[in-house]
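Quick notes on the structure that follows.
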Amino acid sequence: MRGQIMRLRFLGKGGSGDGDCPTLYATDLDTYLVQGWETNTVGTVEIPHLLTGFAAEPDTFIGADLDDTGRGTFRLTGRPVTEPDVLAQLTLADDETAIEVPKKRRTYYGGVD
């Protein structure tokens, strides 16, 4: 554990018919926490495409490879979230888990004058 409680800021959710949808959070550690559907691979979740649109922190994006499943979802891999104090801040459906992924800054190369 990092010695501090990770603070989460809700950014958006969607993708299932109940209230326990895949969700995206910004953390106070300059990362994103992604709540998504469990897969057969530890640290990998599946999320609906629409969830990436909530990564609206200025000039940032989800810094994990997004593998398009062809079903309107992405799979992505990150650090499994296991800290009880962080999990207590989430409402996880039975088929969901959470991972932490980097928050990358956009880099602009050149520009139009």
Side-chain angles (χ1 to χ4, degrees):
M1 178 128 170
R2 300 177 171 139
Q4 65 180 356
I5 296 173
M6 180 189 293
R7 304 281 181 220
L8 304 178
R9 185 166 53 85
F10 173 81
L11 297 175
K13 67 168 37 183
S16 69
D18 58 23
D20 301 328
C21 296
T23 308
L24 184 66
Y25 299 90
T27 76
D28 62 339
L29 303 174
D30 208 28
T31 59
Y32 285 114
L33 186 141
V34 182
Q35 175 181 325
W37 296 300
E38 289 181 311
T39 67
N40 292 330
T41 305
V42 173
T44 299
V45 297
E46 191 166 334
I47 61 170
H49 286 168
L50 68 89
L51 200 63
T52 62
F54 295 114
E57 300 263 299
D59 296 324
T60 68
F61 61 95
I62 294 172
D65 290 335
L66 300 172
D67 179 28
D68 195 331
T69 65
R71 300 185 312 266
T73 62
F74 292 118
R75 284 196 185 115
L76 64 155
T77 301
R79 182 190 71 80
V81 174
T82 59
E83 299 86 356
D85 58 321
V86 178
L87 293 173
Q89 298 176 64
L90 307 176
T91 303
L92 292 168
D94 291 340
D95 62 346
E96 289 183 333
T97 191
I99 61 171
E100 182 182 13
V101 297
K103 181 190 297 180
K104 296 286 187 169
R105 300 275 173 212
R106 287 191 178 102
T107 302
Y108 298 97
Y109 300 98
V112 178
D113 290 328

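Note that the coordinates shown come from a computational prediction; the quantities given were computed from them, not determined experimentally.
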Starting from the C-alpha separation in whole Å, work towards a yes-or-no answer on side chain to side chain contact (heavy atoms under 4.5 Å, CB included) for Thr69 and Arg75. CA-CA 7 Å; Thr69 65; Arg75 284 196 185 115; 3.9 Å; yes
Rounded to the nearest 0.5 Å, how far apart are [atom1] of [X] and [atom2] of [Y]?
X: Trp37; Y: Ile47; atom1: CH2; atom2: CD1; answer: 9.0 Å
X: Gln35; Y: Thr23; atom1: CD; atom2: OG1; answer: 4.0 Å
X: Leu76; Y: Ile62; atom1: CG; atom2: CD1; answer: 6.5 Å

In terms of hydrophobic clustering (I, L, V, M, F, W, Y; side-chain heavy atoms under 4.5 Å; direct or indirect links), are [X] and [Y] co-clustered?
X: Phe61; Y: Phe54; answer: no
X: Leu66; Y: Leu50; answer: yes
X: Phe10; Y: Val81; answer: yes

Is a side-chain donor-acceptor pair under 3.5 Å present for [Y] with [X]?
X: Glu38; Y: Thr97; answer: no
X: Glu100; Y: Thr31; answer: yes
X: Thr77; Y: Thr44; answer: yes

Side-chain heavy atoms of Gln89 within contact of Ile5, under 4.5 Å: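 In short, these two side chains touch, coming nearer than 4.5 Å.
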Just jot down the ring pair (Phe, Tyr, Trp, His ring centres under 6.0 Å) partners of Phe74, sequence neighbours excluded, or say none. His49
Could you tell me which non-hydrogen atom of [X] sits nearest to which non-hydrogen atom of [Y], and how far apart they are?
X: Ala55; Y: Leu24; value: N-CD2, 3.5 Å
X: Pro80; Y: Val42; value: CG-CG1, 4.0 Å
X: Leu29; Y: Met6; value: CD1-CE, 4.0 Å
X: Leu51; Y: Gly12; value: CD1-O, 3.7 Å
X: Cys21; Y: Glu96; value: C-OE2, 3.1 Å
X: Gly78; Y: Ile99; value: N-CD1, 3.5 Å

For Glu46 and Thr73, what are the C-alpha separation, side-chain angles and deciding distance, and is it a side-chain hydrogen bond (donor to acceptor under 3.5 Å, both in side chains)? CA-CA 6 Å; Glu46 191 166 334; Thr73 62; 2.6 Å; yes
One pair to check against side chain to side chain contact (heavy atoms under 4.5 Å, CB included): Tyr25 and Val34. What are the steps and the verdict? CA-CA 6 Å; Tyr25 299 90; Val34 182; over 6 Å; no
Test: Lys103 and Asp30 ion pair at under 4.0 Å: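 Looking at Asp30 together with Lys103, the answer is yes, because their closest N to O distance falls below 4.0 Å.
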Residues that Tyr32 engages under side-chain hydrogen bond (donor to acceptor under 3.5 Å, both in side chains), provided they are two or more places apart: Thr60
Under the side-chain hydrogen bond (donor to acceptor under 3.5 Å, both in side chains) test, residues paired with Arg7 that sit two or more places apart: none
More than 12 heavy atoms of other residues, nucleotides or ligands under 6.0 Å from CG of Asp65: is that the case?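 No, CG of Asp65 has 12 or fewer neighbouring heavy atoms, counting only those of other groups under 6.0 Å.
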